[in-house]
Amino acid sequence: MTATHHTTVELTKLARVLNRDPADLAFLATLSPAALREFRDQITDLTARREARRMQRVGAAAKLVPSPIAAKITEAAFGPVLAAALAGSVDPARAVAIASALSPSFLADGTLTLDPRRAVELIAQVPGPMAAAVASELISRGDYLTMGILAGSVPDSVLHAALPHASDLDILQVGYYLEETSAADRLLTIVTDRVPGVIRATHDADEWPKAITLLALLGPTERSKLANVVAAQDDEVIDGLLAAVDEVDAWDTLLPVAAGMAPGPLQRLAQRPAMQNPTLLTKIADLALTQNLWLSLLPLATHLSPTQLHTVAARVATEPDDSLTTLIEQAHTENHWPTLLPVALALATPDRKRLAALPVMHRPAYLTAAIEATATHNLWPEALPLLNDLPTTTHDTLAAAINTLTDNNFREALEAAPTADCTTTLIQIVLRQDVSSRTRSLTLLNESDNLEPFVATITTQDPAIWQAIFDTREETPEPLRTLLTIQATRSDQTDSAST
């Protein structure tokens, strides 16, 4: 969507250079915005080179008369178009002196064809009051195109002087026509205190498509700042944005924005009614998986309800094994295990087992990173059920990872294990630890307030597991050893219990 809107903007700018109606250039709409801008610059450069010698002669002649007289000649004989062409051929200080004697209306007319690239020094020396007067004139005309082209070239001081003459909606309109990310970031920084008003004006005027286009132009930092401000607005404003994003199919713009939002605003966004729609969530997940936005989706996933997560996970499950492998590798590279685990757990049981069976999930570095992320963010309730789906060949790696846990981290895992229905698996992993680490784990389990419920959920009837438990009975403190003996009997493992 945003590419289409940026193309529209570029066609409008190109039409200005060619003095044509934008509709006449509709046949160029299949070109990228970058290609259209390059074409526009080429035309401007060609025109400037063709007129360079003549402009230099006229510029030299302008030095021979006083500034007030030169201004009269400029206004009466040259006109604004020629005056703008001359701007780059006259000493900047001299040009500013002549311009100061011209009316804001005339100067505004001249900016229509001024090439900022050839008037950098001149623009830098324009006094604030003059810039403000010209900006006020352009805004009163609704000429946001010219304002947008110039805004990226003028210094901050000029913008500070000019923008107070713009309404909140005017600022949005100017931003829509900006040329570069740096210009959009700078504009947003300068009007930080007015951003809430701009957002409200955008909603009231139903100009969300333009705001979304500006959002796509911003750099990651400013984009996230703006998104956080949007998320702090009234529900109707947030809902208006989400409706507009869906209507113009701009989720490819909003997802990267959401990825950089603070947790609170992101959670509020995830809880809006529009985000409860399974069809929409499937659409968003599909876009993330097909447009390389997977890492942008994961931060949002941590704030989705179980129902929402199941919808997203169902779409993820349709990916083939090689694609799932790539998704896991991407998440690992960017340390996204805390956001990946909730999605993985939301998979249906067969799909979760398929995921756990992938060789990529058995890589020691991946398993260790997953355990570290789980401990750091206390995600044991989310992560422990996945242990049951991993093959026993991974237990040595998991045991080594558990060795590095703090006592408090391990206690948190013990607390979550019964509810996660993975006490047996956790015990199997503990038994694979080295003697020193295993003794520590068994001691911590013995001291746990959760000891009896924990042991009561070890209901396996696999004799090998019970035999391994009682092979370590000399390391097992009381009352854990007694409870395990009783539980073995309950599980019809009397032979193991009596050894």
Side-chain angles (χ1 to χ4, degrees), residues 2 5-6 9 104 108 111 123 126-242 244-245 250 253-254 257-258 260-262 264-266 268-269:
T2 48
H5 279 268
H6 285 307
V9 172
T111 60
I123 291 173
V126 172
M130 182 188 298
V134 174
S136 181
E137 178 67 26
L138 289 171
I139 289 172
S140 68
R141 299 178 183 183
D143 189 356
Y144 305 113
L145 173 59
T146 301
M147 281 287 294
I149 292 174
L150 293 175
S153 303
V154 299
D156 288 358
S157 59
V158 172
L159 289 178
H160 278 294
L163 290 176
H165 296 265
S167 69
D168 291 337
L169 190 58
D170 288 332
I171 291 174
L172 169 68
Q173 303 284 10
V174 171
Y176 178 68
Y177 288 106
L178 289 172
E179 300 243 292
E180 299 172 349
T181 294
S182 59
D185 286 355
R186 191 158 59 99
L187 176 66
L188 189 65
T189 299
I190 290 173
V191 300
T192 296
D193 60 329
R194 298 183 61 180
V195 169
V198 172
I199 294 171
R200 184 76 229 189
T202 298
H203 177 71
D204 292 342
D206 195 22
E207 288 283 16
W208 282 117
K210 289 186 177 180
I212 294 167
T213 300
L214 175 58
L215 194 63
L217 189 61
L218 292 169
T221 300
E222 295 304 323
R223 187 188 297 170
S224 296
K225 287 181 182 177
L226 182 57
N228 287 331
V229 175
V230 172
Q233 304 306 303
D234 294 341
D235 289 348
E236 64 172 318
V237 175
I238 301 175
D239 292 342
L241 169 61
L242 293 176
V245 168
T253 296
L254 191 62
V257 173
M261 291 173 68
L266 187 55
R268 188 168 180 226
L269 185 71

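In what follows, every heavy atom counts, from backbone to side chain, and hydrogens, waters and symmetry copies are set aside. All residue numbers in this chain count up from 1 along the given sequence.
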Subject >> Residue pair Arg200 / Asp234, side-chain heavy-atom distance below 4.5 Å >> reply: yes
Original post:
Could you state the interatomic distance from CG (Leu218) to NZ (Lys225), rounded to the nearest 0.5 Å?
Top reply: 10.5 Å
Original post:
Nearest heavy-atom pair of His165 and Ala132: which atoms, and what distance?
Top reply: NE2-CB, 3.6 Å
**OP:** Quick one: closest heavy-atom pair of Ala244 and Trp208, and the distance?
**Re:** CB-CB, 3.3 Å
Original post:
Do Leu214 and Tyr176 touch side chain to side chain, with heavy atoms closer than 4.5 Å?
Top reply: no
Original post:
Can you tell if the side chain of Ile199 reaches within under 4.5 Å of the side chain of Leu226, non-hydrogen atoms only?
Top reply: yes
Original post:
Looking only at heavy atoms, what is the nearest atom pair of Ala131 and Ala162, with distance?
Top reply: O-CB, 4.3 Å
Original post:
Taking C-beta and beyond as the side chain, do Ile149 and Tyr177 meet within less than 4.5 Å on heavy atoms?
Top reply: no
Original post:
Can you name the closest pair of heavy atoms from Ala166 and Ile171 and give their distance?
Top reply: CB-CG1, 4.1 Å
Original post:
Do side-chain atoms of Asp168 reach the backbone of Ala201 as a donor and acceptor pair under 3.5 angstrom?
Top reply: no
Subject >> Atom of Leu163, atom of Arg194 and distance for their closest heavy-atom approach >> reply: O-NH1, 3.1 Å
Original post:
Less than 4.5 Å apart, any side-chain heavy atom of Leu242 and any of Leu254?
Top reply: yes
Subject >> Minimum side-chain heavy-atom gap Val229-Gln233 below 4.5 Å >> reply: yes
Original post:
Less than 4.5 Å apart, any side-chain heavy atom of His203 and any of Leu241?
Top reply: no
Subject >> side chain to side chain contact (heavy atoms under 4.5 Å, CB included) against Ala258, all qualifying residues, sequence neighbours excluded >> reply: Met261, Leu266, Leu269
Original post:
For Val257 and Thr253, which heavy atoms make the closest approach, and how far apart are they?
Top reply: CG2-O, 3.2 Å
Original post:
What is the distance from atom CG of Leu159 to atom CD1 of Ile190, rounded to the nearest 0.5 Å?
Top reply: 4.5 Å
**OP:** Please list all pairs passing the salt bridge (charged side-chain N to carboxylate O under 4.0 Å, His left out) test where one or both residues lie in residues 150-163, with sequence neighbours left out.
**Re:** Asp156-Arg186
Original post:
Which of these, Leu188, Leu178, Leu187, Ile212, sits in a side chain to side chain contact (heavy atoms under 4.5 Å, CB included) with Leu217?
Top reply: Leu178
**OP:** Could you tell me whether the side chain of Asn228 and the main chain of Pro265 form a donor-acceptor pair under 3.5 Å?
**Re:** no
Original post:
Do the non-hydrogen side-chain atoms of Gln173 and Met147 ever get within less than 4.5 Å of each other?
Top reply: no
Original post:
When rounded to the nearest 0.5 angstrom, what is the spacing between CD1 in Ile139 and OH in Tyr144?
Top reply: 7.0 Å
